[in-house]
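Atoms within each ligand, like the ligands themselves, are counted from 1 in listed order.
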Amino acid sequence: MTGTDKIKRKRKKPKPLPMEVEIRQMQLKDLPAVFELGQKLFTAEDLPTLYRCWDDDEVMNIFSNDAETCLVAEVNGKVVGFALGSIMSKPRSAWRYGWLEWLGVDPSYKRHGIATRLVKQMTSAFIEGEARIMLVDTDEDNLDALAFFRRMGFGQEIKHVYLSMNLEDHPKYIEHKNIQRNGKED
Ligand SMILES: CC(C)(COP(=O)(O)OP(=O)(O)OC[C@H]1O[C@@H](n2cnc3c(N)ncnc32)[C@H](O)[C@@H]1OP(=O)(O)O)[C@@H](O)C(=O)NCCC(=O)NCCS
């Protein structure tokens, strides 16, 4: 086999799923399933940054503010993937941004094009919501997600540094804790 033949060799196609995958808008009844699946995917080790946190409030907030940009993938009545997004406009800017905040696919259903379909449908929802730019973000160690997003055409990668400070040594913190403690003792 020549070098060119090797380059031309087609990538192995994923085995088609034996059942149909439906991508639809998320409904209130899907909240527990979406939350549970997210808990499996976004564990503390997978989300080392403090600025994002997967909890039931997070899901509920996005869903109640932006239901049109919350989607699920369903197989035989089971939620196997989700995409939660929101549309933002900045003050004094004509630009509207569609931010894909959370995207997840059940590990047993990975590499079957489910996230691709979710993102495509989310893109249409953002365009219908007048967004002109679509944003995604993930930890730089999340190589699977980066490979996926790059494959979907996302680029212009900007690194952002998060800094933190332990407030427990701050005089105000110590004073506040002392007041709380004394209040309880009274
Ligand atoms: C990232 C994620 C959403 C991808 O879901 P998926 O349904 O498996 O993705 P798709 O099947 O649509 O993948 C499309 C293409 O993206 C690329 N891709 C997806 N997962 C990949 C991986 N693990 N490694 C390398 N490339 C990958 C491939 O090019 C793939 O095409 P191929 O299978 O024909 O090679 C899924 O792995 C996931 O839920 N990860 C955990 C949660 C997460 O990190 N979310 C993103 C940040 S919020």
Mind checking whether [X] has an N or O less than 3.5 Å away from an N or O of ligand 1?
X: D137; answer: no
X: N142; answer: yes
X: T138; answer: no
X: R111; answer: yes
X: G113; answer: yes
X: V105; answer: yes
X: F42; answer: no
X: L41; answer: no

Can you tell whether the side chains of R150 and E157 come within less than 4.0 Å, N to carboxylate O?
yes

W54 vs W102 aromatic rings, parallel, tilted or perpendicular, using cut-offs 30° and 60°?
perpendicular

Which of the numbered atoms in ligand 1 are under 4.0 angstrom from any heavy atom belonging to L103?
3 (C), 42 (C), 43 (C), 45 (N), 46 (C), 48 (S)

Among R150, H112, K40, R151, whose heavy atom sits nearest atom 34 (O) of ligand 1?
R151

